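Here is the naming used below: chain letters follow the sequence lines, and residue numbers restart at 1 for every chain. Model, not experiment: these values are computed from the prediction. Hydrogens, waters and symmetry mates play no part in the numbers below; they use all other heavy atoms, side chains included.
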Amino acid sequence: MKIVVASGKGGTGKTTVSVNLALVLGNCTLVDCDVEEPNCALFLGDMKVHQDVILMEPAFDLDRCTYCKECADFCHYHAIAVIPPESLLFFRELCHPCGGCAIVCQHQAIGESPRMIGDIRRGEFGGVTLYDGQLKIGEPLAVPLIRKLNALDDGDGVFIYDSPPGTSCPVVETLQGADYAVLVTEPTPFGLHDLKLAVDVVKNAGLPLGVIINRDGVGDDGVERFCEEQDIEILLRIPESRQIAELYSSGNCLVQDMPDLARSLRAVYTRIQEVVG
Amino acid sequence: MKLCISAQGTDLEAMVDPRFGRCAWFLMIDTETASVEAIENAGVSSPGGAGVGAAQLVAEKGCKAVITGNLGPKAHATLAAAGIKAYGFEGKAKDALEAFTNGKLVRLNGPSKESHSGGKW
C-alpha cells in the first residue's frame, strides 16, 4: 500500500506526520520525495548513499550537424535553438530529457551523454527503512529523481511517501501509483487556500483522501467548514502545542513522548486501510 | 530591412510589450515598404523557453533588429547568435519605430531580466 502525505502549502507538518506515522507502524518504508530539501532524515539519523541518479541529455556532434532545425522544431521546451548557417545553442536548464531530438535528427548528429542529477540515500531506523532523494544544487528537474523514488515501491508492504509542497509536477509525480492521499493543513485562510488546490489535484488523480489538521486551535474554522461541505474526512486534529514545538525544534520525533498521538496515528492508519480495502 | 517590435496589439498604435518571449504580438516591420505584419505569439502559454522560441521566430523571419522592453538571458543569447541587435523602448510602437529610424534607441547589450524558467519572476 502506498500512502502519500501531501499538503499544498509548505510547512504544515507533512514531514512530522510522515515520520511519526512510519514510526508507529514500524516495519514499513518511508520515502522522502521533497528532493530539494529532504528532511525526514533530520529526525531519524544517518543515511548512506544508495544509488546515483543519472539523466541522459543530448550531446551534439557539430561536424555532422547540417543546422536543419529538425531538433529545435521538435523540442517543446525550446531547449535547442538553431540559427543557420552554423549556430546551435543548447539550454540545459530547459531540457526535459526525452531523447526526442536524437530520434528526429536524420544526420546522426545527436547522441546522449549522462549527467548525474542527484542521489538516493538509505537508512534503517528500527523497523523503518527511509529513502530520500537529494537533487544536486542547480539542477532544475525534480521529477526524474522522484520517478526513481517511486520505483522503490515494489507493492510489498506499506510505503509512506512524504511529498514536496505545492501542487505542481513533483507532487503529481509523487502521487503516481498511490492508494491514498493524506493532506496535512493548518486551520488558517492560507492553509485552506492551498488545501483546496491540493484537493483538486488528488481528486484529479482519482485517489481517496483524508485531511489532518495540524496546529488545531489557531486560525479559524474555514478548513473544518470546507471539509464538511466537500464531504472530506478529517482523519486527525493535532493540537497547537508547545511540547510538539519543543520536540520538533530539537530534532526529535513526537510519538515516543506522546503516547496519545501515537495511538491517534495508529487509528489513522486503520481508517486508511478500511477505505483502501 | 526587417525589424520586430514586441507589442500589446496588432498595429503601430499599440504599446511596446515590455515582455519579449511572452509578449502578445510580434509586429514584423519592413522599414523600406513600411508594411506591418502582426503575428500572434504562441509562446504566451509556452511551458518554458518562450524567449528562445521568440528569438528563433524573429531570426527565421529575417529580422535584423528587435525592439522590446526586457530580454532574458536565453533570448539574449539566441538573438546574439543570430546577429540580431536588440533595443529597449517604453511607449507606442510607432514612436519606437520613429526613434529607431532616427538612430535614437538604446541597445540592450545584455539580459535585462533574470531567467523566468521554473516560475521565477
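- Although no hydrogens or angles enter the test, the distance criterion places a donor-acceptor pair under 3.5 Å between the side chain of A:Y180 and the main chain of A:G210.
- Among A:I80, A:V82, A:I83, the residue making the largest number of heavy-atom pairs under 4.5 Å with chain B is A:I83.
- A donor-acceptor contact shorter than 3.5 Å is absent between the side chain of A:D119 and the backbone of A:V49.
- Proximity to chain A involves both the backbone and the side chain of B:A82, based on heavy atoms less than 4.5 angstrom apart.
- Contact annotation for A:F91: only side-chain heavy atoms (C-beta onward) come within less than 4.5 Å of a heavy atom of chain B.
- Contacts between B:T78 and chain A at a heavy-atom distance below 4.5 Å involve backbone atoms as well as side-chain atoms.
- A donor-acceptor contact shorter than 3.5 Å links the side chain of B:N102 to the backbone of B:E98.
- Put simply, CG on A:L152 and CG on A:L30 are 11.5 Å apart, with the number rounded to the nearest 0.5 Å.
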